[in-house]
Amino acid sequence: MRVSTISILRHRAAPSLPAFSDYLRHVSFRLSTFRFVCMAARQNPNIYRKPQPNKNILKARDNVKEISSLSPVLSLDDGPPLSQNQAIGMVAAAQANFMRVIVQSTCEPEKPRTFTELLESKEEEEPKIGVEILCVVRALLKKIKRRVLVGDRVLVGSIDWVDRRGMIENVFDRSSEIADPPVANVDHLLVLFSMEQPKPEPFSLTRFLVEAESTGIPLTLALNKSDLVDEETQLAWKARLRDWGYEPLLCSVESKHGLDSLEFILKEQTTVIVGPSGVGKSSLINALRSNQRGYGASEMDNWFEPIEGSKWFEEQRVGEVSTRSGRGKHTTRHVSLLPLSGGGYLADTPGFNQPSLMKVTKKSLAQMFPEIRKMVIESEPIKCSFNDCLHLGEPGCVVKGDWERYAYYLQLLDEIKIREEFQLRTLGTKREGDVRILQVQGGGYGYQTTRTTAGT
Ligand code: GDP
Ligand code: ZN
């Protein structure tokens, strides 16, 4: 009490003596009243009114109740029974607070019991599969930080089929998730380079391939602009990339060569295209989408029905590349999955062209090289002498150095080692959010700390 009295006095103008004695009398009166109330409360608990519970605590308690009533993340095999205003769909685009969902399944239509009902049902029935619905995300999902990503399979409720509005009520488990661009359930990566303008740069190509391999998602390597090189060059590249462990697909958006094979590969899958600027990613996306009948696909495949004003049928802008960021100017963080005319979806963010290799560790790097994987398998049952061998040519290592990309492997290993050591030193003493790792053009990293922390 003394301490608090002193602190109160400190914050007031120095009182005159009579005023001070009045103050002390006032404090001691307040104290004795408080003591009286406490004693009375102990003897008769009804006299003392219980303090009102904190509003925030009550709100949190309600939320917890609500959360527990929410079904957990739906498993991929789940087929929850759907009501008339519910559907299951795929998030194809995210814009501000809205998500565009393409309906994939709805509830079973009620079976008509009478002949008139049968006639009416035929008149009324509008196809719902393939319809695009503009959705908000249920506030509760946001509260419990359940993110909804483009590519997610979702349960949509409160659907107004006329206005095509609804609310995302829950999310199904993801089979995969990539961070840049943020897309869920990606089945396939298309690593696109061009044979000319620009020519493939083997180290840059290796970085892209390593980054793609690190996601664990199947990948296809394609080389565009085959129209710009002679057959000999094409064969030479094919042979070279086969030695790397890839079967490249050569194509040309210009001459349409190879587009039917590409379309066949992309069918029924969700694909993200990655590759450096200028290789023709936007041109390829446009080509695969503008061909309404598809290269060899039937008209029935093109079933998608967009909302009016949807940007989905807009074309990608070609050839506009910001020289400063190296990203396409049109590229935003808003990623959309574009329905392909031959079936399947393609992510429309072709501008992410600097592989960060953040997911690759010095131990996992070897796994990202098909050449090393092959050497390890072929030498079985003999293994490297050391379990955590980095394949640096030590005695007892089954990975030899007589392959083209060995130098790139060593270079990337060095880069990753430096990054890991830096992270160990820096992140050990800083919170992760305080450090930004900056990608430097052409590979490598720079680090920027947003605040200084003592002891680093
Ligand atoms: P992105 O940066 O990867 O999206 O590349 P763009 O699609 O913007 O294409 C860059 C340039 O390459 C544009 O001028 C295109 O017209 C051109 N281009 C794209 N595909 C081909 C092709 O197959 N052959 C030729 N000769 N030029 C192409
Ligand atoms: Zn080894």
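Just so it is clear, the model here is predicted, and its values are computed rather than measured. Whatever order the structure lists them in is the order used to number ligands and atoms, beginning at 1. Residues: numbered from 1 along the sequence shown.
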Next on the checklist: Check Arg100 with Glu132, please: is the shortest side-chain N to carboxylate O separation under 4.0 Å?
Outcome noted: yes
Next on the checklist: Whether the side chain of Trp161 engages the backbone of Lys128 through a donor-acceptor N/O pair (distance < 3.5 Å, no angle test) should be reported.
Outcome noted: no
Item to check | Flag side-chain contact, heavy atom, 4.5 Å: Ile372 against Gln367 | outcome: no
Checklist entry - Heavy atoms only: which of Lys225, Lys281, His257, Lys256 is nearest to atom 27 (N) of ligand 1? => result Lys225
Checklist entry - Are the side chains of Arg289 and Leu340 in touch, meaning some heavy atoms are under 4.5 Å apart? => result yes
Checklist entry - Any ion pair linking Lys363 and Glu420 (charged N to carboxylate O, less than 4.0 Å)? => result no
Checklist entry - Can you list the protein N, O or S atoms less than 2.8 Å from the Zn ion (ligand 2)? => result Cys384 SG, Cys389 SG, His391 ND1, Cys397 SG
Next on the checklist: Less than 4.0 angstrom from a charged side-chain N to a carboxylate O is my criterion; do Glu254 and Lys225 meet it?
Outcome noted: no
Checklist entry - If you measure from the Lys or Arg side-chain nitrogens to the Asp or Glu carboxylate oxygens, is any gap between Lys199 and Glu196 under 4.0 Å? => result yes
Next on the checklist: Does only the side chain of Val279 get under 4.0 Å from ligand 1, or the backbone, or both, or neither? Count heavy atoms.
Outcome noted: both
Checklist entry - Looking only at non-hydrogen atoms, which of Gly275, Ser255, Gly278, Ser277 approaches atom 10 (C) of ligand 1 most closely? => result Gly278
Item to check | Atoms in ligand 1 flagged as close to Ser283, the criterion being non-hydrogen separation under 4.0 Å | outcome: 6 (P), 7 (O), 9 (O), 15 (C), 19 (C)
Checklist outcome for this item: ligand 1 to Ser252, heavy atom cutoff 4.0 Å, flagged ligand atoms 23 (O)
Item to check | Sub-4.0 Å atoms of ligand 1 with respect to non-hydrogen atoms of Leu228 | outcome: 26 (N)
Checklist outcome for this item: Going by the 4.0 angstrom heavy-atom rule, the piece of Leu192 near ligand 1 is neither
Checklist entry - Going by the angle between their ring planes, with limits at 30° and 60°, are Trp403 and Tyr409 parallel, tilted or perpendicular? => result tilted
Item to check | Worked check of side chain to side chain contact (heavy atoms under 4.5 Å, CB included) between Val183 and Leu337 | outcome: CA-CA 9 Å; Val183 185; Leu337 288 178; 4.2 Å; yes
Checklist entry - For ligand 1, which atoms have a heavy atom of Asp227 less than 4.0 angstrom away? => result 22 (C), 23 (O), 24 (N), 25 (C), 26 (N)
Item to check | Test item: Val210 and Phe369 side chains (from C-beta on) under 4.5 Å apart, heavy atoms | outcome: yes
Checklist entry - Given that the side chain starts at C-beta and the backbone is N, CA, C, O, which of these parts of Leu284 lies under 4.0 Å from ligand 1, counting heavy atoms, or is it both or neither? => result neither
Checklist outcome for this item: If we number the atoms of ligand 1 from 1 as shown, the ones under 4.0 Å from a heavy atom of Gly280 are 1 (P), 3 (O), 5 (O), 6 (P), 7 (O), 9 (O), 19 (C)
Item to check | Test: Glu177 and Arg147 ion pair at under 4.0 Å | outcome: yes
